[in-house]
Amino acid sequence: MEERYNFKAIEKKWQEIWDDEKVYKVEIDKNKEKFYALVEFPYPSGAGLHVGHPRSYTALDVIARKKRMQGFNVLYPMGFDAFGLPAENYAIKTGVHPAVSTKANIENFTRQLKSIGFSFDWDRCINTCDPEYYKWTQWMFIKFFEKGLAYKDKIAINWCPSCKVGLANEEVVNGHCERCGAEVVRKDKEQWMIAITKYADRLIKDLDDLDFIDRVKSQQINWIGRSEGAELDFEFGDDKLTVFTTRPDTAFGVTYMVLAPEHEFVQKYMDKFENQSEIRAYVEETAKKSDLQRTMSDEKTGVELKGVKAKNPYNGQMIPVFISDYVLTGYGTGAIMAVPAHDQRDYDFAKVFNLPIIQVLDGGDISEKAWEEDGKHINSGFLDGLNKDEAMHQAIDYAVKHGFGRAKVNFKLRDWVFSRQRYWGEPIPMVYCEKCGWQPIPESELPLTLPEVPDYHPNDEGESPLSKAGDWLNTTCPKCGGKARRETDTMPNWAGSSWYFLRYCDPHNDKEFASKEALDYWMNVDWYNGGMEHTTLHLLYSRFWHKFLYDCGYVPMPEPYKKRTSHGMILAENGEKMSKSRGNVINPDDIIDAYGADAFRLYEMFMGPFDQTAMWSDESLMGVYRFVGKVFGLFKKVYKNAKPSDKDLRAMHKCILEVSERIEQMRFNTAVSSLMTYVNYLSSLEKIAPELYEILLKLMSPFTPHLAEEMWARLGHNTFIVAETWPKGDAKLAEENTVTMAVQICGKMRGTVELPKDASREMAEKAALNLENVKKQLEGKEIKKVIVVPNKIVNIVAA
RNA sequence: GCGGGUGUGGCGGAAUUGGUAGACGCGUCAGACUUAGGAUCUGAUUUCGCAAGGAGUGGGGGUUCAAGUCCCUUCACCCGCACCA
């Protein structure tokens, strides 16, 4: 009876040995070049690991393992982003403390991750809900406060009237509460904000030097939304109404102005308006609308502020002013100058309200729609004859000279709403004193740990469950010693993840978040892989956070990540998203149980291009499972005294070159196919020379570490394969000494010729013309030209 | 609307600088070993055709001796953002 590969026993055996001997533990070693590989740490949900997680983890595990064999000192850590809503919801439902369920989930995740054989340094495992960790998150918040970047402001938040709780944007799904499905409304609430907008420009500019995939860069740039233009002041009664525009050159085409219904002038000058009740009704109506309703309606609505006109500073014309919900309060100044001839939104509005449309740029047919392209200016006074760019400059210069405007850059990016009315998050380390206002707690009191609360529901005013924390709430003011009350909101779950990669460098330090020595050695992250869904959230937040720490002098470089790549999603077999409700979730435990960790890892690498969406397929998984067995089976054909032929060596070197290159380029699917091709070749041999098999094991070890380790030991080695050196391919030895050249007539394939490598043009041409088929095809035709591409092709042009 | 991406066999997908389209895997078919096998091994497998030969990389056009690859145009789908002035 032939031995079959007992993956269960063998994988378990090696996992225990790696764990016991701490094979993947790393320390600072200044004699070695470091390599920091990072993957996004998971939220430890009750559902356990998703098959999507290992796609990213395996990819960087492959890279980390290869880098180790190439002599790098590799840091490849793992941890848990453990604060979050699901644990709290679970607590509300069952009464189980989030700390308890989270701990159990972390244990389950750890077991699962270990069962896949990742080469994480588990001694560096971190957990954001551990007070020893969040102490530093709180410490950093205080730094933000001290530098004036954390501030409290009353803003409109997403409010779920049914759950009585404020929701983060990401907790609102299509205008509805993610948890109960009720429609979300807007509610003004005091919130901690962090001034990420102060870094908007740098967050764009510094992308230039980073090796991020393009879609990440462009998505971040798009999200930050930089627009250059001007601020212009229009006379409005005795006051000035300031607008932001990207097209000051079209100022002569302004026929009216629009304010956001929330604009301060609406209330401030209410008594001057003739149609107050109409205005009030519109403002109220808008306030009641959700963002969703507000953006859904195609029809432009609004109300004129009758009785007041504004004056266009360029031509002195008096123009009407409206309020309309198509103007947003949060962007620019919350007011616009409307140029219906050259802006489609203004055009639509003007059509509804029968407002004049004055063309100031030549081109298009403005009886149809607005003309938004370039052209020569007309009806524009001193701008006539100029194109867009020139007119823009002149218009701004003119405004500056006459004191009613200035160049201005605006961003779509808003400051970061940092408060959550939640229990299961980092307490915000601030207290409120009647006399001294908001004060940070002294550093000596960190960490400020979460108190016990009677239940996890928010109260009727939508305050965090911490508002029920009794004694915990009352404290003294660190400044005056008087009575003070603690902040009851907690931080968003993006807080802990904004700096976790720094903590990995020095995870047990209780004096500072990480030592300078550790940061100097390990940072930056050399390669960070994660999901596209984090591009405008975690990835942007953490870049900002890191820049802030850099400005404070706490980290040695302005950007945290040198290189960012992103994996595609894994969908169910039918192309749908995997979800509990659809019942199509694949549990990694089941796969590992049935096929083993190595087959699972290999399959995730083989299933398709790494950066693209892939569909799960049990049948395809069978293929790599068979392949693992095949590699195991090859062992019995390895003979100590067998010597490799030149042909064998060619196959080997070709495989080394291809696998090495393709791993580096994250073309894992083709790296695996190179391995398969090599294995197919080895299978065809009677006897396999040991070195051919050893190389195979080394090349496979990043993908299938258990199998490689086992066979490496069976070959008689007593070292770990990870301590071996990565093989070097020799391009010369990989070359064939004969080549098959294609023979074409007028670009059509007519045959092939076998020739020694680098055969002369004449030789190739002669051999090609000698082919029977070629002779036949050429009968009665005249050869016009013969093109020979050495080692590739002979193309005979004939007519 | 704006930004990014993808279209290649029955399926997942390969194809350095333009140079033998379909590597590798799945599936299917045939055969071998088997009491049997969804196990293993061998072979075949883009399509039409007995063959010679033809067609073929979403569609149309172009450049070239030669196009999946370059240019123009068009269609379909996916992912972000979305009344951002």
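Keep in mind it's a predicted model, so treat the numbers as computed, not measured. Below, chain A is the first sequence line, B the second, and so on; all start at residue 1.
Separating the P atom of B:A55 from that of B:G61 is a span of 15 Å, rounded to the nearest Å. The separation of B:C2 from B:U46, taken at their P atoms, amounts to 43 Å, rounded to a whole angstrom. B:C65 and B:A76 have their P atoms separated by 35 Å, given to the nearest Å. Between the C1' atoms of B:G13 and B:G22, the separation comes to 10 Å (whole Å). For the C1' atoms, the distance linking B:C75 with B:G58 amounts to 7 Å, nearest Å.
Checking the phosphate oxygens (OP1, OP2) of B:A85, a side-chain nitrogen or oxygen of A:Ser227 falls inside 4.0 Å. Within the 4.0 Å cut-off from OP1 or OP2 of B:A66, not a single side-chain nitrogen or oxygen of A:Arg750 is found. Between A:Asn669 and the phosphate of B:C24, there is no side-chain N or O to OP1/OP2 separation shorter than 4.0 Å. Phosphate contact (OP1/OP2 of B:G53, side-chain N/O of A:Asn773, threshold under 4.0 Å): present. Listed pair A:Gln344 / B:A85 fails the phosphate criterion, with no side-chain N or O lying under 4.0 Å from OP1 or OP2. Residue A:Arg626 places at least one side-chain N or O under 4.0 Å from the OP1 or OP2 atom of B:G27.
Cation-pi geometry between A:Lys300 and A:Tyr326 is satisfied (NZ or CZ under 6.0 Å from the ring centre, within 45° of the ring normal).
In this structure, A:Tyr595 atom OH and B:G38 atom C1' are separated by 10 Å, rounded to whole Å. Atom CE of A:Met749 is separated from atom P of B:G54 by 12 Å (rounded to the nearest Å). Rounded to whole Å, the distance from CG on A:Asn680 to C1' on B:C41 is 13 Å. Separating the CD1 atom of A:Ile224 from the C1' atom of B:C2 is a distance of 16 Å, rounded to the nearest angstrom. A straight line from NZ of A:Lys636 to C1' of B:U40 spans 10 Å, rounded to a whole angstrom. Look at CG on A:Asn791: it is 17 Å from P on B:G18, rounded to the nearest Å. A straight line from CZ of A:Phe668 to P of B:G13 spans 17 Å, rounded to a whole angstrom. Rounded to a whole Å, the CE atom of A:Met605 is 18 Å from the C1' atom of B:A14.
Nucleotide B:G31 forms a Watson-Crick or G-U wobble pair with B:C41, both donor-acceptor distances falling under 3.5 Å. Of the nucleotides present, B:U46 is the one that pairs with B:A55 by Watson-Crick or G-U wobble criteria, both distances under 3.5 Å. When both distances must be under 3.5 Å, the Watson-Crick or G-U wobble mate of B:G10 is B:C26. Look at B:U64: it lacks any Watson-Crick or wobble partner with both distances under 3.5 angstrom. In a base pair of the Watson-Crick type (N1 to N3 plus N6-O4 or O6-N4) or a G-U wobble (N1-O2 and O6-N3), with each distance short of 3.5 Å, B:G3 is matched with B:C79.
If you check every strand for non-hydrogen atoms under 4.0 Å, A:Arg667 touches sugar and phosphate atoms only. Using a 4.0 Å heavy-atom criterion, one finds that A:Thr246 contacts the sugar-phosphate atoms exclusively. Residue contacts for A:Phe411: at a heavy-atom cut-off of 4.0 Å it reaches no nucleic acid atom on any strand shown. Nucleic acid contact for A:Gln665: none, since no nucleic acid atom lies under 4.0 Å from a heavy atom of the residue. A:Val789 comes within 4.0 angstrom of a nucleotide base, judged by non-hydrogen atoms across all strands. Contact annotation for A:Val327: base contact, defined as any heavy-atom pair under 4.0 Å involving a base atom. Using a 4.0 Å heavy-atom distance criterion, A:Met607 is classed as a sugar-phosphate-only contact.
Ring-centre distance between A:Trp616 and A:Tyr603: below the 6.0 Å cut-off. Aromatic rings of A:Tyr595 and A:Phe600 (six-membered ring for Trp) have centroids beyond the 6.0 Å cut-off, not under it. Proximity of the aromatic rings of A:Phe627 and A:Phe606 is defined here by a centroid distance below 6.0 angstrom, and this criterion is not met. With ring centers used as reference points, A:Phe234 lies 6.0 Å or more from A:Phe404.
Side-chain proximity of A:Tyr326 to the nucleotides B:C83, B:A55, B:C65 is greatest for B:C83. Nearest nucleotide to the side chain of A:Leu328, out of B:U20, B:A85, B:C26: B:A85. Between B:A15, B:A39, B:A52, one nucleotide has an atom nearer to the side chain of A:Lys776 than all others, and that is B:A52. Each of B:G19, B:A23, B:G12 was ranked by its minimum atom distance to the side chain of A:Phe606; first place goes to B:G12. You'll find that the side chain of A:Asn795 is closest to B:A66, out of B:G12, B:A23, B:A66. Closest to the side chain of A:Glu619, out of B:G27, B:C24, B:A55, is B:G27. The side chain of A:Gln744 lies closest to B:U20, out of B:A15, B:U20, B:A55. Side-chain proximity of A:Lys792 to B:C24, B:G3, B:G19: nearest is B:G19. In the set B:U20, B:G13, B:G4, B:G4 carries the atom at the smallest distance from any side-chain atom of A:Arg215.
Within 6.0 Å of NZ in A:Lys757 there are more than 12 heavy atoms belonging to other residues, nucleotides or ligands.
Of the residues A:Thr752, A:Asn795, A:Val774, the one that meets the side chain to side chain contact (heavy atoms under 4.5 Å, CB included) test with A:Val743 is A:Val774.
Judged by distance alone, with hydrogens and angles left aside, A:Lys785 brings no side-chain donor or acceptor close enough to the base of B:U64 to form a pair under 3.5 Å. A donor-acceptor contact under 3.5 angstrom links the side-chain atoms of A:Lys300 to the base of B:C83.
The two atoms that bring A:Thr255 and A:Pro356 nearest to each other are OG1-O, 2.9 Å, heavy atoms only.
Ring orientation note: the planes of A:Phe610 and A:Phe668 are nearly perpendicular, at an angle over 60° on the 30°/60° scale.
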